[in-house]
Asker: 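The structure follows.
Reminder, nothing fancy here: chain letters follow the sequence lines and each chain counts from 1.
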Amino acid sequence: MSTNKRKVLVCLSGGIDSSLAALFLKKQGYEVHGVTFRTWDYVTESCWEKQKGCCSIESIVEAKQFAEKIGITHQVLDLREHFKKTVINEFVNEYLAGRTPNPCVRCNAETKWGEVMSLADELGCNYVSTGHYAQVRGENDRFILSQGMDETKDQSYFLWMLTQENLARTIFPLGKWKKADIKKMAAERGLVKLAEKRESQEICFIPKNDYRDFLKEQVPGLDSKIGEGNFISMEGKVLGQHKGYPYYTIGQRKGLGIALGEPRFVVDIRTRTNEIVLGSYNDLEKKSLKIKNINLIKYPEIKDGMQTDVKIRFRSKPVKATIFTENESYIIVTHQPLYAVTPGQSAVFYEGHDIVGGGIIV
RNA sequence: UGUCUGAUGGUGUAAUGGUAGCACAACAGAUUUUGGUUCUGUUUGUCCAGGUUCGAAUCCUGGUCAGACAA
């Protein structure tokens, strides 16, 4: 590693958060080098209009301009192939398997930290940094990831896959700040455009916010391979036709195109028979789930029967639960009902504000 | 072929003479670094032709269509 202990590689997206993160690091006396990823090419123009978040060409230009403005070096890293091989492929395959992926979790682990760490090595940077609202600290020989101070903007959920090696070198300059303050500071520094820019949102590589169209583009002949199938009730009665199981996700209500007099939700996806089971909201209830691909952060291991709080989606309150270990997977039994537990999504364990670990729901 | 019943927005229904309502669906916006959820809002309807009435989804006549029963 470099002899320069104050050199940091910061991921700039062109948005307000990462820009301010870079600014903070610079003010704190770090030697800062910015990097912006090129992950995906947009073909449609709609994304430009929407000023989409982290990866558009326009944002790359903005990131570069910002770097110049605050006087840091900057480069663009072309990760298109890597991104396609990891994030996009997994995204498509998961849907084809009847599961619902979370590409952001994958992208953070594989693309952002995965690739940035090696670039940091090349450049002699001992730290890497992003504009995430999360915190990391060293304690008991572990590097512990915890929620951002601004609970409404906390993004730790998306970072549960980060390894100890990743966290050891990570700085989150915004972890102790509130989004409102960041916006205010940006405005005060004359960064009006940034302050007014829309939040990055939706899947960054999907234009028009329609993952179904994206799947069609990525999987030629998808509709002829899978095609229409039956909506069925909990009792097995045929209720209508659907467009093919990859277009649905557990808990989904909108877009079913079927009027049954009361709200119906996707309760189960049966890939073998291409059947989608519909039920009431209460039919989505579960009190246990199984996870795999476990990554532990706060503790090196988890004891059978450990108590924790678990989150099964980004915007949901943590629920008290007990973890039962079982070889490579865990069984999580919650003390309150969960709704719409969705295979492919992340279950993240919290202890207070700290992330204990997480896994992918089976 | 006869008799009876029914026909309301995309779907299912309410309103028995007095501004056509509800649920679901659809669409749009809000929320949101995943999908989904949630919230707010919007669009769309009285089978057709006559008649009675100040006024008809509602009553009358004829037609069309559907279901049931009869043969």
Asker: Taking the nucleotide of RNA chain B with the closest heavy atom to each, which residue, A/Gly255 or A/Asn108, is nearer the 5' end?
Answerer: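 Going by which nucleotide is closer to the 5' end, it is A/Gly255.
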
Asker: Once you measure the plane-to-plane angle for A/Tyr95 and A/Tyr211, does it fall in the parallel (<30°), tilted (30-60°) or perpendicular (>60°) bin?
Answerer: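 Ring orientation, 0 to 90° scale: parallel.
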
Asker: For A/Lys225, does the NZ atom sit with more than 12 other heavy atoms under 6.0 Å from it, leaving out its own atoms?
Answerer: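 More than 12 within 6.0 Å, yes.
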
Asker: Using the benzene-type ring in the case of Trp, are the ring centres of A/Tyr247 and A/His242 under 6.0 Å apart?
Answerer: no

Asker: What residues in residues 265-274 of chain A put a non-hydrogen atom under 4.0 Å from any atom of RNA chain B?
Answerer: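 Within this stretch, A/Phe265 sit under 4.0 Å of the strand.
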
Asker: Any base atoms under 4.0 Å from A/Leu256, or only sugar-phosphate, or nothing? Heavy atoms, all strands.
Answerer: sugar-phosphate

Asker: Heavy atoms under 4.0 Å, any strand shown: does A/Arg99 hit a base, just sugar-phosphate, or nothing?
Answerer: nothing

Asker: Set out, line by line, the N/O atom pairs under 3.5 Å between protein and nucleotides 22-24 of chain B.
Answerer:
| from | atom 1 | to | atom 2 | distance (Å) |
| --- | --- | --- | --- | --- |
| B/rA23 | O2' | A/Gly261 | O | 2.2 |
| B/rC24 | O4' | A/Gly261 | O | 3.4 |
| B/rC24 | O2' | A/Leu260 | N | 3.1 |

Asker: When we call it a touch if two heavy atoms are under 4.0 Å apart, what does A/Phe158 touch: a base, just sugar-phosphate, or nothing?
Answerer: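 Base contact - A/Phe158 has a heavy atom under 4.0 Å of at least one base atom.
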
Asker: Could you give the distance separating B/rU37 and B/rC69 at their C1' atoms, to the nearest angstrom?
Answerer: 50 Å

Asker: Under the side-chain contact (heavy atoms from CB on, under 4.5 Å) test, which residues partner A/Lys287, sequence neighbours left out?
Answerer: A/Glu285, A/Thr334, A/Pro337

Asker: Quick one: sort the A/Trp177 and A/Phe24 rings into parallel, tilted or perpendicular, breaks at 30° and 60°.
Answerer: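 Correct class here is tilted.
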
Asker: So, the side chain of A/Gln307 versus the backbone of A/Thr322: is there a donor-acceptor pair under 3.5 Å, distance only?
Answerer: no

Asker: Could you tell me whether A/Arg106 contacts a base, only the sugar-phosphate backbone, or nothing, with contacts defined as non-hydrogen atoms closer than 4.0 Å?
Answerer: nothing

Asker: Please list, in numerical order, the residues of residues 334-345 of chain A that have a heavy atom closer than 4.0 Å to any atom of RNA chain B.
Answerer: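 Contacting residues: A/Thr342, A/Gln345.
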
Asker: Between A/Phe83 and A/Phe37, does the ring centroid distance fall short of 6.0 Å?
Answerer: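 Between A/Phe37 and A/Phe83, which both carry aromatic rings, the centre distance is not below 6.0 Å.
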
Asker: Want to know the stems of RNA chain B: at least 3 consecutive Watson-Crick or G-U pairs with distances under 3.5 Å, which are they?
Answerer: B:1-7 with B:64-70, B:10-13 with B:21-24, B:26-30 with B:38-42, B:47-51 with B:59-63

Asker: Rounded to whole angstrom, note down the P distance from B/rU43 over to B/rG51.
Answerer: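 33 Å, rounded to whole Å.
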
Asker: Just jot down the salt bridge (charged side-chain N to carboxylate O under 4.0 Å, His left out) partners of A/Arg313, sequence neighbours excluded, or say none.
Answerer: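 Counting only residues at least two positions away or on another chain, A/Arg313 forms no salt bridge (charged side-chain N to carboxylate O under 4.0 Å, His left out).
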
Asker: Expressed in whole Å, how much space separates the C1' atoms belonging to B/rA14 and B/rU61?
Answerer: 28 Å

Asker: For B/rC59 and B/rU52, measure between their C1' atoms and round to the nearest Å.
Answerer: 8 Å

